There are 2 protein chains.
Amino acid sequence: MAILPNMKELMARPHRDLLAEQAKIFKALGHPSRLLMVDALRGGEKCVCDLQALTGADMSTVSRHLAVLREAGVVRSEKHGTNIYYTLALSCLDTFLQCTSTFIAARIREKAGLLGYGEQAS
Amino acid sequence: MAILPNMKELMARPHRDLLAEQAKIFKALGHPSRLLMVDALRGGEKCVCDLQALTGADMSTVSRHLAVLREAGVVRSEKHGTNIYYTLALSCLDTFLQCTSTFIAARIREKAGLLGYGEQAS
DNA sequence: TTCATATTTGGCAAAATAGCCATGCTCTAT
DNA sequence: ATAGAGCATGGCTATTTTGCCAAATATGAA
């Protein structure tokens, strides 16, 4: 007999669902190509062909990546003529991306400092 | 029409590295248990045993999850006596988590309970 | 020392993910 | 109707992730 019921039983259903949905968003953003595409979408809507040119990956691969982002609700798609345009649906990404950038930069500087490298800030 | 070189050649190295590090952070946050733990850490440092009680998962599983978060730089660990305490290292999470919560709540309301796969048939 | 507690790690099998090719679908133009 | 462009999807394999058990490690207590 288990000492404690596991997380699923411990948490109320709505909270668990919210958590799962949030995790889904993070997971969708957790791939370099997908993050690159999302970052590009901050500058406005793009068709799949644009995003393919950006990442250089196979069209089918790009399409699958976009499906992941779409199902997580990070992006939204809209068909115009023969093209499908993707837009950023998650508004609050800017701040967070900027923050993680700064965070990572600081970490690198810190690490470089510890190793005694004369990293010049550019 | 030359096939473009792939993403790796297209991007300058520092940009690519930053992207990879950012993706690593997102990926680390992209699991319900890990997100739950990180969320709990917003309230202050916790030992592994606390986080195990919280998630209800096996101790070894929790330890592995924490390793993922640690390697992404999301959390930091510190040993005090016989326990190891984990702290949130990524400061800017609050805002983003709140934002995604709101975002998801709105989406749920919008779709009237259709979670997950809800692609609207146009 | 020996023992117990707290945490990590090795190793394994099941599940999920990534990426490619080929194919299918849906427009638009001819 | 046919062709072709732009995307999505089926199907496959290789890789990664997850989660459990068992074993190793470290620390403090008796």
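Here the structure is a predicted model, which is why all the values come from computation and not from measurement. All chains are named by letter (A, B, ...) in the order of the sequence lines, taking the proteins before the strands, and each is independently numbered beginning at 1.
Atom CD in A:E71 sits roughly 12 Å away from atom C1' in D:dA8 (whole-Å rounding). One atom, CZ of A:R70, and another, C1' of D:dT9, lie 11 Å apart when rounded to the nearest Å. Atom C1' of nucleotide D:dC21 and atom CZ of B:R64 are separated by 11 Å, given to the nearest angstrom. The CE-C1' distance, from A:M59 to D:dT9, rounds to 13 Å in whole Å. Atom pair A:L69:CG and D:dC7:P shows a separation of 16 Å (rounding to whole Å applied). Straight-line distance from the NZ atom of A:K46 to the C1' atom of D:dG6: 17 Å, rounded to whole Å. Between the P atom of D:dT18 and the CE atom of B:M37 lies a distance of 10 Å, rounded to the nearest Å. When the P atom of C:dT17 is taken as reference, atom NE2 of A:H65 falls 12 Å away, rounded to whole Å.
Side-chain N or O atoms of B:T61 include none that pairs as donor or acceptor with a backbone N or O of B:A57 at under 3.5 Å. At least one donor-acceptor pair closer than 3.5 Å links the side chain of A:Q22 to the backbone N or O of B:L97. Looking only at distances, a side-chain donor or acceptor of A:R34 sits under 3.5 Å from a matching main-chain atom of A:A28.
A:R34 contributes no side-chain N or O that forms a donor-acceptor pair with the base of C:dG19 under 3.5 Å.
For the OP1/OP2 pair of C:dT17 and a distance below 4.0 Å, the side-chain nitrogens and oxygens of A:K27 include at least one atom meeting the criterion. For the pair A:H31 and D:dT17, the criterion of a side-chain N or O lying under 4.0 Å from OP1 or OP2 is not met. In this structure, B:S60 does not reach the D:dC20 phosphate: none of its side-chain N or O atoms is under 4.0 Å from OP1 or OP2. Within the structure, a side-chain polar atom (N or O) of A:S63 is placed less than 4.0 Å from OP1 or OP2 of D:dA8.
In this structure, the ring of B:F96 has its center no less than 6.0 angstrom from the ring center of B:F103.
Enclosure of atom CZ in B:R70 by more than 12 non-hydrogen atoms of other residues, nucleotides or ligands within 6.0 angstrom is indicated.
The shortest heavy-atom contact between A:I84 and A:S77 is CG2-CB, 3.9 Å.
Under 3.5 Å, the side chains of B:E78 and B:T87 contain no donor-acceptor pair of N or O atoms.
Where B:V68 and B:D58 each meet DNA chain D at their nearest nucleotide, the meeting point lying more 5' is that of B:V68.
Residues from residues 78-88 of chain B lying near DNA chain D, meaning a heavy-atom separation below 4.0 Å, are B:K79, B:G81 in numerical order.
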